[in-house]
Amino acid sequence: MNYRSTRGGASVGLAEALLLGLAPDGGLFVPENLPRLSTEDFDDKEDIVDIGTRFLAPFCAGSALETRLREICTEAFSFPIPLRDLMPDHPGRLSVLELFHGPTAAFKDVGARFLAACMQRLDAAASQADRRPLTILVATSGDTGGAVAAAFHGRPGFRVVVLYPEGQVSPRQAHQLACWGDNVLTLVVDGPFDACQRLVKGAFTHPELSSAHRLCSANSINIGRLLPQAVYYAASSLWHLRRHGRPASYIIPTGNLGNAHACVMARACGLPIGRIVLATNANRTIGDYLASGEYAPRESIATLASAMDVGDPSNMERLRKLFPGIDALREQVRAYSVGDEEIRAQIRRDAQRYGEVWCPHTATAAHVYDLLDAEERKDPWVLVATAHPAKFDTVVEPLLGRTLEIPAELAALLERPTVQQHIAADLDALADRMAVS
Ligand SMILES: *Cc1c(COP(=O)(O)O)cnc(C)c1O
């Protein structure tokens with residue numbers, strides 16, 4: 001399988017697409033064609049590692065990773081990803097796919113761990129020629145940075161630079177971003193997430209930064225994060241079909257559109273997925289685009305679901321490439337925007353109604369489910385739970401009037417001391433910090 005930039009250009013293999021992150025022309029790598037798979041291809045497979053190895057095989061065909069795929073999937077999918085029924089009286093009607101049982105308690109662990117497992121195996125070959133460490137640059141609105149830092153911390157031959165927007169992540173997220181040290185440099189940027197994202201994109205074309213370091217990006221622009229995310233959609237769609245006899249539709253909390261794009265890809269490959277509905281917070285660029293047909297990126301605004309505070313979703317470029325034209329896109333996805341008040345109300349309501357505590361991101365999806373009309377709700381739906389609520393205790397606990405139990409992995413990270421530096425949202429400032437560290 002070869003990969004090509006969304007903006008055209010020459011095609012490259014998977015290894016190169018992973019290591020480059022962003023295509024040289026500024027576009028994003030996408031598979032040249034999507035494999036066609038059917039449910040029968042997975043007939044004897046139930047475990048997510050088996051399903052993932054089969055699903056990803058065509059995407060890795062011809063690459064150095066092809067023969068290591070099972071090993072890589074075993075490393076990436078080493079924690080549970082349960083699909084749970086929320087309405088036991090109506091089996092299969094509403095389920096939740098819990099993606100937050102990894103080391104940093106958000107779905108970003110899946111992509112980060114897969115990417116790290118791939119890069120470790122690829123870089124052994126690449127670094128024969130160039131012995132500088134590979135520097136993974138990552139802009140984060142809260143969860144990616146911690147997941148990537150956790151995945152690469154202590155791996156020889158790698159360095160991670162995390163950039164996060166000052167004051168726009170939860171206190172526990174901030175702790176998770178800065179509790180590493182060693183080969184991880186954590187930078188607090190004076191500016192919003194979009195500014196962090198611009199710094200990462202800009203670094204690749206900045207003369208000093210791009211020559212002084214072997215740079216690589218681990219944002220959801222990296223195809224190596226999208227591919228493993230498609231695996232949990234493949235697996236959960238098969239589990240759902242086997243258990244309940246009908247394909248599930250998904251509601252996905254959405255920011256940069258990486259998680260949702262992975263679901264769209266899995267469906268385009270032939271997995272049994274019904275509708276795909278995007279839940280955004282008050283950042284409504286996607287919904288407005290689907291409604292008007294005019295793509296109007298804007299500055300992000302701060303909300304309770306801060307990991308989705310994105311005004312110009314980076315994976316929009318991939319989605320539009322896969323489905324050119326607004327009408328084609330409208331057939332693929334719908335989007336609803338959910339405000340902070342609705343997020344708060346939903347967290348309270350579902351704690352009472354189902355005894356389920358959502359993080360603010362997952363709450364947007366739960367709210368969108370309640371917006372569907374009665375006819376649509378007769379179909380089976382899956383809410384995608386993107387983070388553990390204890391990561392957002394300062395939002396969730398006051399709403400419920402009680403403290404939440406902290407998962408063991410998260411508790412361990414919160415005990416580590418933090419180390420970080422502040423910088424202006426400026427490429428020269430970034431170059432200075434990266435030169436001395
Ligand atoms: C990153 C993140 C999202 C948004 O995912 P995208 O792939 O950027 O659309 C939603 N919820 C949580 C908890 C996240 O960390």
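Side chains included, hydrogens not; waters and symmetry mates left out as well; all remaining heavy atoms used. Bear in mind the structure is a predicted one, so any value in this text is a computation, not a measurement. Each ligand, and each atom within it, is numbered from 1 in the order the structure gives.
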Chemist: Indicate yes or no: does an N/O atom of Met308 lie under 3.5 Å from an N/O atom of ligand 1?
Modeler: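 No, there is no polar N/O contact under 3.5 Å.
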
Chemist: Using a cut-off of 6.0 Å, state whether more than 12 heavy atoms not belonging to Arg267 lie near its atom CZ.
Modeler: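 Correct, the count exceeds 12.
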
Chemist: Just going by heavy-atom distances, which of Ile286, Thr144, Thr386 is nearest to atom 12 (C) of ligand 1?
Modeler: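 The nearest heavy atom belongs to Thr386.
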
Chemist: Just by distance, no angles: are the side chains of Tyr164 and Gln420 close enough, under 3.5 Å, to form a donor-acceptor pair?
Modeler: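 Yes, side-chain donor-acceptor contact under 3.5 Å.
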
Chemist: Does a donor on one side chain sit under 3.5 Å from an acceptor on the other, for Asp25 and Ser5?
Modeler: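 Their side chains do contain a donor-acceptor pair, which is all the 3.5 Å distance test asks for.
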
Chemist: Does ligand 1 have any atom that is closer than 4.0 Å to a heavy atom of Phe107?
Modeler: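 Flag set, Phe107 near ligand 1.
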
Chemist: With only distance considered, is Thr254 within less than 3.5 Å of ligand 1 through an N or O on each side?
Modeler: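 Such a contact does not occur with ligand 1.
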
Chemist: If you count the atoms of ligand 1 from 1 in the order shown, which ones are under 4.0 Å from a heavy atom of Lys108?
Modeler: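 Every atom of ligand 1 under 4.0 Å from some heavy atom of Lys108: 1 (C), 2 (C), 3 (C), 14 (C), 15 (O).
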
Chemist: Please evaluate residues Glu317 and Lys201 with respect to the criterion salt bridge (Lys or Arg N to Asp or Glu O under 4.0 Å), reporting the C-alpha separation (whole Å), side-chain torsions for both, the decisive distance (0.1 Å), and the verdict.
Modeler: CA-CA 14 Å; Glu317 191 164 327; Lys201 284 199 179 180; 5.5 Å; no

Chemist: Will you find, in the side chains of Asn259 and Tyr232, an N or O donor that is under 3.5 Å from an N or O acceptor?
Modeler: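 Side chains of Asn259 and Tyr232: pair found under 3.5 Å.
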
Chemist: Minimum distance, heavy atoms only, to atom 9 (O) of ligand 1: which one of Gly255, Ala387, Pro253 is it?
Modeler: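 Minimum heavy-atom distance to atom 9 (O) of ligand 1 goes to Gly255.
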
Chemist: Answer with yes or no whether the side chains of Ser217 and Asn222 bring together a donor and an acceptor at under 3.5 Å.
Modeler: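 Distance-only check fails for Asn222 and Ser217.
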
Chemist: Run the ring-centre check on Phe392 versus His361 and record whether the distance is less than 6.0 Å.
Modeler: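 Yes - the distance between ring centres of Phe392 and His361 falls below the 6.0 Å cut-off.
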
Chemist: Pick one of side chain, backbone, both or neither for how Leu257 approaches ligand 1, counting any non-hydrogen atom pair under 4.0 Å.
Modeler: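 Backbone only.
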
Chemist: Please identify which atoms of ligand 1 are closer than 4.0 Å to at least one heavy atom of Gly258.
Modeler: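 Atoms satisfying the 4.0 Å criterion: 6 (P), 7 (O), 9 (O).
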
Chemist: Go through ligand 1 atom by atom and flag the ones less than 4.0 Å from a non-hydrogen atom of Asp143.
Modeler: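 Taking each heavy atom of Asp143 in turn, ligand 1 has 12 (C), 13 (C), 14 (C), 15 (O) under 4.0 Å.
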
